[in-house]
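All remarks here apply to the structure that follows.
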There are 2 protein chains.
Amino acid sequence: MAKSNAPITEHLAYLLAQANREINRQLELRLSKERVPVEQWRILKVLSDGDGHSMGELADAVLLNHPTLTKMIDRMVSDTLVYRVQDPNDRRKVLMFISDRGKVLCKKLNSLAVDQEEHILESYGDKSTSELKRLLESLIDSSN
Amino acid sequence: MAKSNAPITEHLAYLLAQANREINRQLELRLSKERVPVEQWRILKVLSDGDGHSMGELADAVLLNHPTLTKMIDRMVSDTLVYRVQDPNDRRKVLMFISDRGKVLCKKLNSLAVDQEEHILESYGDKSTSELKRLLESLIDSSN
DNA sequence: TTGAAAATATTGAATATTCAAGAATTGAAG
DNA sequence: CTTCAATTCTTGAATATTCAATATTTTCAA
């Protein structure tokens, strides 16, 4: 049974927040070389399959609230990294696509992100990393 | 070696963000019964040892930037959950203390948080939970 | 001892996020 | 068919967060 007087550092929610903050900070630092926030990298990465993705779908995938995504996409459209197309099958929807410029940037960002993953692999270990990923996936699954 | 064309869902940074978002959302939902944001629960919990904690120390412990913490503490002082005392040994510092009202609230919040931990234990399992905690701690350690 | 650098916390302006409401389109029941 | 509810996205106002600058105190070297 969980104890209500346990220090906060023993709560799963806290450990997740702490780890996330730290890893995210590191990633942020790398991506800042291209002046791109982590969320924009996620967006480019999801769109880099070349398909059109609706805003709702994207919001889920990149872990952003709907209005926040809208405004971030506005900026990215200004920067010509992505563009909007109205969905011909359902005109309530907007389909987002990545531009050529977006693709070029995404490649650079991917390699910065991979740098980080490898840095983690080195200091944290192959085994731990894949085990942690497995456990996180299963936690996420069990939360739906 | 990490692959740069791997889907975003395979990146550790993404899995952490996703899991954190989900677990945090659940916790938020419970704490909303007392209309308290997760960060305020963390603050109360850290202060509930009864000692005075400086703002810098607190900011680290509760995973908030310094100015964000200052403003959140302002609100909590208005709500008489905590109070400030100038550190007599180093007058640059401010020591934060929890009030009696804060303690009462903290108890209620703790039990809401424990509810969640137990819910996770049920659906995710004892073994996985403690293994995940262990791995997260060690990831955090290895990142310093 | 003095004066410059470092540490600590807060403030204000600039940005970003969120909540609630709105506009447009679709679905579906009567 | 028509109308009303549901879906999708955006907008605007209210909040919250962040960055850079400031004020205060301490540290420490000259």
Side-chain angles (χ1 to χ4, degrees), chain A residues 17-18 20-22 24-29 31-32 35-43 46-47 51-79 81-97, chain B residues 17-18 20-22 24-29 31-32 35-43 46-47 51-79 81-97:
Chain A
Q18 192 180 6
N20 178 52
R21 187 176 161 88
E22 179 58 27
N24 200 60
R25 200 189 54 74
Q26 289 174 17
L27 181 55
E28 212 165 46
L29 195 66
L31 299 189
S32 71
R35 300 175 189 279
V36 176
V38 175
E39 291 79 10
Q40 290 197 15
W41 170 60
R42 290 198 199 125
I43 292 171
V46 169
L47 295 186
D51 298 344
H53 294 260
S54 75
M55 292 295 280
E57 200 185 329
L58 247 191
D60 276 354
V62 304
L63 315 177
L64 287 178
N65 294 343
H66 222 140
T68 307
L69 178 63
T70 292
K71 285 155 191 172
M72 183 160 283
I73 288 288
D74 286 347
R75 279 170 293 217
M76 295 176 77
V77 167
S78 300
D79 295 342
L81 297 171
V82 300
Y83 57 94
R84 291 177 161 99
V85 176
Q86 197 176 50
D87 186 336
N89 297 116
D90 183 341
R91 283 175 351 204
R92 288 170 302 183
K93 294 186 184 173
V94 171
L95 297 180
M96 297 305 312
F97 290 89
Chain B
Q18 192 181 5
N20 177 52
R21 186 175 161 89
E22 179 59 26
N24 200 59
R25 201 188 53 73
Q26 288 174 18
L27 181 55
E28 213 165 45
L29 195 65
L31 300 189
S32 70
R35 298 175 190 280
V36 175
V38 174
E39 290 79 10
Q40 290 197 13
W41 171 60
R42 289 197 199 128
I43 292 171
V46 169
L47 295 185
D51 297 345
H53 294 260
S54 75
M55 292 295 281
E57 201 185 326
L58 248 191
D60 277 355
V62 305
L63 315 176
L64 286 178
N65 294 342
H66 221 141
T68 307
L69 178 64
T70 291
K71 286 156 191 172
M72 183 159 285
I73 289 288
D74 286 347
R75 277 167 286 193
M76 294 176 78
V77 168
S78 299
D79 294 342
L81 296 171
V82 300
Y83 56 94
R84 292 176 160 98
V85 175
Q86 197 176 49
D87 186 337
N89 298 117
D90 185 341
R91 283 175 352 205
R92 288 170 303 182
K93 294 186 185 173
V94 171
L95 297 180
M96 297 304 313
F97 290 89

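In what follows, every chain begins at residue 1, and chains take the letters A, B, ... in the order their sequences are listed. Given the structure is predicted, the values throughout are model-derived calculations rather than measurements.
Note: CZ (A:R84) to C1' (D:dT10) measures 8 Å, nearest angstrom. For A:L69 and C:dT18, the CG to P distance is 12 Å, given to the nearest whole Å. Between B:R25 atom CZ and C:dT18 atom P there is a gap of 14 Å when expressed in whole angstrom units. Residue B:L64 contributes atom CG, which lies 16 Å from atom P of C:dT17 at whole-angstrom precision. Rounded to whole angstrom, the span from the NZ atom of B:K71 across to the P atom of C:dA14 amounts to 13 Å. Put simply, CD1 on A:I73 is 13 Å from P on C:dT17, counting in whole angstrom units. Regarding A:H66, its NE2 atom lies at a distance of 18 Å from the P atom of C:dA21, rounded to whole Å. Atom NZ of B:K93 and atom P of C:dA6 are 18 Å apart (whole Å).
Note on A:N65: every side-chain N or O is 4.0 Å or more away from OP1 and OP2 of C:dT17. Between B:S54 and C:dT8 there is no side-chain polar atom (N or O) within less than 4.0 angstrom of OP1 or OP2. For D:dC9, neither phosphate oxygen OP1 nor OP2 lies less than 4.0 angstrom from any side-chain nitrogen or oxygen of A:T70.
In this structure, the separation between CG on B:D60 and NE2 on B:H66 is 9.0 Å, given to the nearest 0.5 Å. The structure places CG of A:L69 at 5.0 Å from CD1 of A:I43, a figure rounded to the nearest 0.5 Å.
Between B:R25 and B:E22 there is a salt bridge, with a side-chain nitrogen of the basic residue lying less than 4.0 Å from a carboxylate oxygen of the acidic one.
When every heavy atom of B:L27 is checked against every heavy atom of B:W41, the shortest pair comes out as CD2-CZ3, 4.0 Å. Of all heavy-atom pairs between B:A61 and B:V46, the closest is CB-CG2, 4.1 Å. The two residues B:T70 and B:R84 come nearest to each other via the heavy atoms O-NH2, 3.6 Å.
Within the 4.5 Å cutoff, no side-chain heavy atoms of B:E39 are placed close to those of B:V62.
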Could I get a table of every N or O pair under 3.5 Å where one atom is in the protein and the other is in nucleotides 26-29 of chain C?
| residue | atom | partner | partner atom | Å |
| --- | --- | --- | --- | --- |
| C:dT26 | OP1 | A:R91 | N | 3.2 |

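The 5' end of DNA chain D is approached more closely, in terms of each residue's nearest nucleotide, by B:R75 than by the other of B:P67 and B:R75.
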